[in-house]
Amino acid sequence: MAKLPPIESEFESTEAAEAYDAWFRAKIEKALADPRPSIPHEVVMARVQAILDRHEKPQD
């Protein structure tokens with residue numbers, strides 16, 4: 001198990017970095033294979049903005 005310096009990687013070892021990479025790639029492959037229609041960026045951003053607006057604190 002090779003130790004990685006924090007300046008080179010956020011992972012403690014090459015094994016941890018490789019495990020994360022494999023997990024991440026599997027998630028991407030699953031998302032790309034998803035047959036559901038995608039949601040347009042504008043729709044997602046409008047939904048996020050609505051959530052933020054509901055939780056916004058009034059300015060004094």
Side-chain angles (χ1 to χ4, degrees):
M1 178 161 90
K3 273 278 229 202
L4 299 174
I7 205 151
E8 289 180 25
S9 176
E10 63 186 85
F11 300 100
E12 292 189 16
S13 68
T14 53
E15 288 81 5
E18 289 168 358
Y20 176 82
D21 187 65
W23 169 82
F24 188 75
R25 288 176 185 273
K27 296 285 278 183
I28 297 298
E29 287 176 18
K30 182 179 176 185
L32 290 172
D34 189 341
R36 295 178 292 179
S38 61
I39 302 171
H41 177 74
E42 298 79 24
V43 173
V44 173
M45 293 309 295
R47 291 177 184 175
V48 169
Q49 190 61 56
I51 293 168
L52 292 173
D53 292 345
R54 284 196 308 266
H55 293 89
E56 189 174 85
K57 294 182 180 179
Q59 299 279 330
D60 288 336

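No hydrogens, no waters, no symmetry mates; every other heavy atom, side chains included, goes into these values. Numbers here are sequence positions counted from 1.
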Legend entry - Spacing of CD belonging to Glu56 relative to CD belonging to Gln49, to within rounding of 0.5 Å: 8.0 Å
Legend entry - Worked verdict on Lys30 versus Asp34 for salt bridge (charged side-chain N to carboxylate O under 4.0 Å, His left out): CA-CA 6 Å; Lys30 182 179 176 185; Asp34 189 341; over 6 Å; no
Inset, instruction - Fit a plane to each ring of Tyr20 and Trp23, take the angle between them on a 0 to 90° scale, and name the class: parallel (under 30°), tilted (30 to 60°) or perpendicular (over 60°). - result: tilted
Legend entry - Hydrophobic cluster membership, Ile51 vs Met45, 4.5 Å side-chain cutoff: no
Inset, instruction - Examine Val44 and Leu32 and state if one hydrophobic cluster contains both, with Ile, Leu, Val, Met, Phe, Trp and Tyr joined whenever side-chain heavy atoms are less than 4.5 Å apart. - result: no
